[in-house]
Undergrad: 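This structure is in structure tokens; I'll ask about it shortly.
Here is the naming used below: chain letters follow the sequence lines, and residue numbers restart at 1 for every chain.
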Number of protein chains: 2
Amino acid sequence: MRDDDQIPLPDFDLDGFTPYRLAVAAKRTSEELARMYRARFGITIPEWRVLVHLAHSGEVSVRDIEARVALEKYEVSRTAKRLEESGLIAKRGNDRDRRLVSLSLTPKGRAMMAELLPLAKAHQVELERRLGETFAQLEAGLERLLSENGASDGD
Amino acid sequence: MRDDDQIPLPDFDLDGFTPYRLAVAAKRTSEELARMYRARFGITIPEWRVLVHLAHSGEVSVRDIEARVALEKYEVSRTAKRLEESGLIAKRGNDRDRRLVSLSLTPKGRAMMAELLPLAKAHQVELERRLGETFAQLEAGLERLLSENGASDGD
DNA sequence: TTGACATCATTGCAACTGCAACGTTTTATC
DNA sequence: GATAAAACGTTGCAGTTGCAATGATGTCAA
């Protein structure tokens, strides 16, 4: 065998691989935001998602949140536990169906969201401004990806 | 105080929040791929990234990889450790600069990549087909996001 | 009513992650 | 050269994650 007797590999450009590009873009975008959440409010992204849903929907169960904020059931459960410990949400049993746990914002959580949501909105506006006309293109692509199997399975 | 005397919250639609949309789209896309990697080759996404870079670049250091595949230094280090343990890559010291560790594919790793890379390419083609004309739009958006601060800081 | 099955939420465990600190080696400054 | 500073890679630790299993409750059919 000669020394260069190696299996030849096809060229592959990771930078042109869409799943990779998406992952990197998402990570950057999320981390930018996560820094703000953490620095100003001391919350993580899963916490932010749950809080947003509660702000929007009032009192809901873990199950209700799961599907709506793209978190697994156990993530919601643990996130809710942390949020309760930091006093931002309240958990209580549901009398109709005692398997359910009702989650809702506490006044403290509500006050925080009253401050946070406008910032998030402003961030979105700023993002759209920064992307300019490519924003609509990005959205078209995301829409296509997200609608592909949005309801097909629980994952 | 009346019972409904609550701080009013602005409406906020998580589903329309671009960072969230990106995160969900990236997660779905990545997981689809991760399933294939894991099922057929038993590797994770960080492992896949390191392997791709080695397939492309031959022999490189941890530092070289770090920037190119969007992983932190310690992630590359631990990923390399695992890949070495599973016999897919080899690690050895660099004589010129003994701080460096040279990573390279083993024949076994090379053989795996020879099988994996065509599948990844096919996946990309399939993705482009599925997205149709929105693919170009998505790419335009991603390009904008990724070029914004790609070299500005190491993060 | 009872028993089998489904649903909801939680948790034990092992693996993984992020951060900061570390040891080693090289580079820069005097 | 000697000392300080920087670069490279690794690792200890505490916290987090994902999976599968669990317990508790509800639903349905006989």
Undergrad: I need the minimum non-hydrogen distance between F12(A) and V52(B), along with the two atoms involved.
TA: CD2-CG1, 3.8 Å

Undergrad: Out of L103(A), L83(A), D64(A), which one pairs with L54(A) under the side chain to side chain contact (heavy atoms under 4.5 Å, CB included) rule?
TA: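 Only one option passes, and that is L103(A).
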
Undergrad: Output the residues of residues 46-63 of chain B in contact with DNA chain C, where contact means a heavy atom of the residue under 4.0 Å from an atom of the strand; sort by number or write none.
TA: none

Undergrad: Please walk me through it: do E133(B) and Q137(B) pass side chain to side chain donor-acceptor pair (under 3.5 Å)?
TA: CA-CA 7 Å; E133(B) 55 189 15; Q137(B) 299 184 281; over 6 Å; no

Undergrad: Going 5' to 3' on DNA chain D, which nucleotide is the first and which the last to come under 4.0 Å of a heavy atom in chain B?
TA: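 Listing 5' to 3', DNA chain D meets chain B from dA7(D) to dG12(D).
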
Undergrad: Would you kindly give the CG-to-P distance between L71(A) and dC8(C), to the nearest whole Å?
TA: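 Roughly 17 Å, once rounded to whole Å.
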
Undergrad: Starting at the 5' end of DNA chain D and moving along, which residue's nearest nucleotide shows up first, T44(A) or R99(A)?
TA: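 That would be T44(A).
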
Undergrad: For a side chain to side chain contact (heavy atoms under 4.5 Å, CB included) check, start with the C-alpha distance between R68(B) and D15(A), then their side-chain angles and the critical distance, and finish with the verdict.
TA: CA-CA 9 Å; R68(B) 290 287 291 116; D15(A) 283 330; 2.9 Å; yes

Undergrad: To the nearest Å, give me how far apart NZ (K73(B)) and C1' (dC19(C)) are.
TA: 12 Å

Undergrad: Walk me through whether L138(A) and L138(B) qualify under side chain to side chain contact (heavy atoms under 4.5 Å, CB included).
TA: CA-CA 5 Å; L138(A) 178 68; L138(B) 178 67; 4.1 Å; yes

Undergrad: If Ile, Leu, Val, Met, Phe, Trp and Tyr residues are connected whenever their side-chain heavy atoms lie under 4.5 Å apart, and connections chain through other members, are V60(A) and L100(A) in the same group?
TA: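 Unlinked, V60(A) and L100(A) end up in two clusters.
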
Undergrad: Give the residues of residues 75-97 of chain A touching DNA chain C, defined as any heavy atom closer than 4.0 Å, sorted by residue number.
TA: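 Output list: S77(A), R78(A), K91(A).
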
Undergrad: Just one of E128(A), K121(A), E126(A) clears the side chain to side chain contact (heavy atoms under 4.5 Å, CB included) bar with Q124(A), so which one?
TA: E128(A)

Undergrad: State whether the side chain of S30(A) and the backbone N or O of K27(A) hold a donor-acceptor pair below 3.5 Å, judged by distance alone.
TA: no

Undergrad: One thing to verify: whether E84(B) and K81(B) come together as a salt bridge, which I'm taking to mean a side-chain N less than 4.0 angstrom from a carboxylate O.
TA: no

Undergrad: Nearest whole angstrom, please: distance from the C1' of dA9(C) to the CG of D64(A).
TA: 13 Å

Undergrad: Sub-3.5 Å donor-acceptor pair from the side chain of S61(B) to the main-chain atoms of S102(B), do we have one?
TA: no

Undergrad: Find the distance E72(A):CD to dC8(C):P and express it as a whole number of Å.
TA: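 Going from E72(A) (CD) to dC8(C) (P), I get 15 Å.
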
Undergrad: If you look at every heavy atom in R110(B) and P8(A), which pair is closest and at what distance?
TA: NH2-CA, 4.4 Å

